[in-house]
Protein chains: 2
Amino acid sequence: MDTKNTHEIDIVLATSSKINSVDFDNLSFGSTFTDHMLVCDFKEGKWGKPVIKPYEPFMIDPSAKVFHYGQAIFEGMKAYKDEQDQVWIFRPDQNLDRFNKSAVRMAMPEVPESIFIDGLKTILDIERAWVKKGLGNTLYIRPFMIAIGSGVIAQPSTQYRFMIILSPAKSYYSGDVKVIIAEHYSRAANGGIGAAKAAGNYSAQFYPQKLAQEKGFQQIIWTDDATHTKLEEAGTMNVFFKINDTLYTAPTSERILDGVTRKSLIDLAKREGIKVEERSVLVDEIVTAAKDGSLKEIFGAGTAAVVSPIVGFQYKEDYYELPKLQNSIAMDLKDKLTKIQYNLAEDTFGWTVKI
Amino acid sequence: MDTKNTHEIDIVLATSSKINSVDFDNLSFGSTFTDHMLVCDFKEGKWGKPVIKPYEPFMIDPSAKVFHYGQAIFEGMKAYKDEQDQVWIFRPDQNLDRFNKSAVRMAMPEVPESIFIDGLKTILDIERAWVKKGLGNTLYIRPFMIAIGSGVIAQPSTQYRFMIILSPAKSYYSGDVKVIIAEHYSRAANGGIGAAKAAGNYSAQFYPQKLAQEKGFQQIIWTDDATHTKLEEAGTMNVFFKINDTLYTAPTSERILDGVTRKSLIDLAKREGIKVEERSVLVDEIVTAAKDGSLKEIFGAGTAAVVSPIVGFQYKEDYYELPKLQNSIAMDLKDKLTKIQYNLAEDTFGWTVKI
């Protein structure tokens with residue numbers, strides 16, 4: 001990691017902290033923010049100086065392109081505190097890399113490492129107290145970029161704002177997760193923006209998600225839009241299937257996000273001697289496997305939830321319940337991954353970065 | 001049109017107008033705004049009172065859902081001034097209807113006619129002086145709605161802002177428009193949000209559009225994402241093909257916007273005795289028709305440009321030039337449509353609404 005400070009960062013500290021007013025045992029995901037935010041504007045073809053300042057609303061023109069044409073991308077990351085009060089982040093290079101791939105796809109400027117990574121390290125250093133010890137406690141990190149240039153003409157903006165905001169969190173999901181396999185709605189097109197963490201990919205899911213929830217399902221397993229025969233993602237997560245002793249997950253593509261949790265779980269599983277195949281998984285395969293008992297597990301993988309085990313799936317008229325396991329691969333991999341993230345296990349991969 | 005004022009509208013007039021500082025002969029599309037804007041907020045399950053007030057930036061939280069999940073929709077409309085200084089709008093009921101369909105698809109609240117239409121009429125009445133006489137002069141109308149609720153969790157917002165902003169305009173496109181037929185990138189998925197005027201649909205086009213422009217093409221003709229064999233839209237417009245004496249355009253679908261200009265041109269063409277077929281048009285068909293000379297015209301149709309004639313198209317390695325016509329259907333239909341819009345011809349369809 002290059003930590004050279006090519007861009008200086010201006011820092012304006014809050015006069016007082018709101019940390020004592022926060023109930024860390026009862027956090028609603030993504031709704032509480034720390035005292036500071038990082039802001040860096042792009043105009044006239046270049047990035048300005050990043051500023052860390054008190055978290056607050058900002059002024060924006062009603063014609064800002066983000067409102068009309070959706071030029072907006074983000075990342076999701078987490079900071080963890082170990083038993084020695086050291087703060088860690090996980091594979092930030094992967095997030096920066098994906099962020100800049102998203103930027104290219106959305107015709108936005110790439111953000112240099114000196115702003116994204118150095119900015120992140122600097123604000124995390126200021127907000128150390130907001131990262132609480134204990135497995136499950138994290139500081140969720142949301143780097144994002146929006147088009148702030150004005151004008152209601154469908155062309156890329158010339159002005160952008162990159163920001164980092166931070167939100168203390170416990171775990172994302174709770175309770176049993178039942179899913180329904182998409183037969184009509186879709187998440188992404190071939191040649192579309194499914195591989196980008198673009199804002200528009202998420203709101204596009206809200207309506208089908210609402211319909212699924214009304215039927216009693218917490219998530220949708222998305223299928224390819226052309227044939228609805230290939231299993232692609234689960235809600236906003238990548239998805240894994242364990243059939244007999246092998247883990248299967250769809251290969252990343254234009255339609256499927258290159259998840260950091262996904263790729264880390266694959267590496268971890270392989271280290272454990274588990275066979276992993278990255279290939280298209282067909283709906284028919286898992287229906288057959290569910291019927292003959294060879295389908296052992298399905299789980300989502302993403303930064304927010306880490307691993308989200310699925311208890312059963314609906315396809316057309318039938319609901320298929322998965323076996324209740326004492327020792328699931330999902331929970332074992334989650335345990336191994338989170339121990340690395342919290343510096344409770346040796347990081348043989350070189351994934352963690354100390355703040 | 002129901003003009004009953006079920007919601008009152010608060011009006012705060014600007015202390016002075018900036019209209020005299022605007023050069024109406026040199027307007028850049030969508031970059032100049034009138035003195036006022038309409039704002040109406042939705043929270044706790046209901047719409048508040050609309051306010052018309054001076055056009056100005058507003059405050060928004062960095063975690064607003066529009067920035068992270070792209071819940072944002074819009075419409076494009078125009079106001080026209082006739083020779084008697086009367087101001088007209090065109091088929092506003094169609095825009096309201098489509099806006100609310102977009103709202104449903106994006107899990108946003110529908111906007112009642114009493115806010116959308118009555119609000120629009122009221123602000124247009126205030127901004128009459130910004131609608132200039134003369135064919136080609138319009139006041140472009142941009143109703144839009146954004147999710148202003150805060151929180152970085154991928155769920156629909158509970159708070160929204162509906163706004164109307166107004167921008168004086170001349171014509172949208174100029175010069176010869178050469179297009180390239182999409183072979184890789186796509187605009188919309190089956191079961192996706194292509195039929196909604198959702199912000200994310202537009203930024204998704206910017207990068208492929210940039211690549212096309214680098215090759216010397218002003219627009220892309222989008223094809224279906226699964227096979228790239230069906231012609232769907234041209235840039236942000238619907239697209240028509242004239243082969244021999246028949247006009248063809250793709251039927252509206254989940255992937256194709258139900259354009260107000262599109263449907264009005266179809267009605268006008270039929271009134272003129274022109275044969276119109278709404279059916280999938282294959283890339284192969286127009287390549288064959290271009291080769292044998294039966295392909296006469298291609299044109300885009302949309303509110304901003306009205307009609308945008310295309311002079312030629314690239315498909316794979318070959319460029320196909322269209323015949324230069326003295327009397328094109330495109331320009332004839334544009335002329336007939338704009339005359340209705342400007343109250344220069346009788347509106348036998350009942351499309352126009354006087355402010």
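Lettering of chains follows the sequences in order, A, B, ..., and the numbering in each one begins at 1.
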Region of B:Ala188 in contact with chain A, defined by heavy-atom distances below 4.5 Å: backbone

Select, from A:Lys210, A:Arg255, A:His184, the one with the greatest count of heavy-atom pairs under 4.5 Å involving chain B. A:His184

Could you tell me which non-hydrogen atom of B:Ala199 sits nearest to which non-hydrogen atom of A:Val66, and how far apart they are? CB-O, 4.5 Å

Can you tell which of B:Ile73, B:Ile60, B:Ile193 has the highest number of heavy-atom pairs within less than 4.5 Å of chain A? B:Ile60

Let me know if B:Val39 has heavy atoms under 4.5 Å from chain A in its side chain, its backbone, both or neither. neither

Under a 3.5 Å distance rule, please check whether A:Ser186 uses its side chain to pair with a backbone N or O of B:Gly192 as donor and acceptor. no

Looking only at B:Ala189, B:Gly200, B:Gly76, most heavy-atom pairs under 4.5 Å shared with chain A are made by B:Ala189

Side chain, backbone, both or neither of B:Ile146 within contact of chain A (heavy atoms, under 4.5 Å): side chain

Go through B:Val152 and A:Phe33 one step at a time and tell me if the side chain to side chain contact (heavy atoms under 4.5 Å, CB included) criterion holds. CA-CA 10 Å; B:Val152 292; A:Phe33 295 93; 4.0 Å; yes

Is it the side chain or the backbone of A:Arg105 that comes within 4.5 Å of chain B heavy atoms, both, or neither? both

B:Asn190 versus A:Ala226, closest heavy-atom pair with distance: ND2-CA, 4.0 Å

Mind ranking A:Tyr207, A:Phe206, A:Tyr202 by heavy-atom pairs under 4.5 Å with chain B and telling me who comes out on top? A:Phe206

Is there a side chain to side chain contact (heavy atoms under 4.5 Å, CB included) between B:Tyr55 and A:Ser63 once you walk through the steps? CA-CA 10 Å; B:Tyr55 184 98; A:Ser63 76; 3.6 Å; yes

For chain A, the option from B:His68, B:Met59, B:Met106 that forms the most heavy-atom pairs under 4.5 Å: B:His68

Which answer fits A:Phe58, side chain, backbone, both or neither, if we ask what part of it has an atom under 4.5 Å from a heavy atom of chain B? both

About how many Å separate OG of A:Ser203 and NZ of B:Lys65, when rounded to the nearest 0.5 Å? 11.0 Å

Return the minimal non-hydrogen interatomic distance between A:Glu254 and B:Tyr185, and the atom names on each side. OE2-CE2, 4.4 Å

Begin with the C-alpha distance, continue with both residues' side-chain angles, and end with the deciding distance and a verdict on ring pair (Phe, Tyr, Trp, His ring centres under 6.0 Å) for A:Phe67 and B:Phe74. CA-CA 9 Å; A:Phe67 295 146; B:Phe74 70 92; over 10 Å; no

B:Ser157, B:Ala107, B:Ser167: which one forms the most heavy-atom pairs within less than 4.5 Å of chain A? B:Ala107

Heaviest contributor of heavy-atom pairs below 4.5 Å to chain A, chosen from B:Thr227, B:Ile165, B:Asn201, is B:Ile165

Interface moiety of B:Ser150 toward chain A, non-hydrogen atoms closer than 4.5 Å: neither

With a 4.5 Å cut-off on heavy-atom pairs, point out which of A:Pro208, A:Pro62, A:Ala196, A:Pro156 contacts chain B the most. A:Pro62

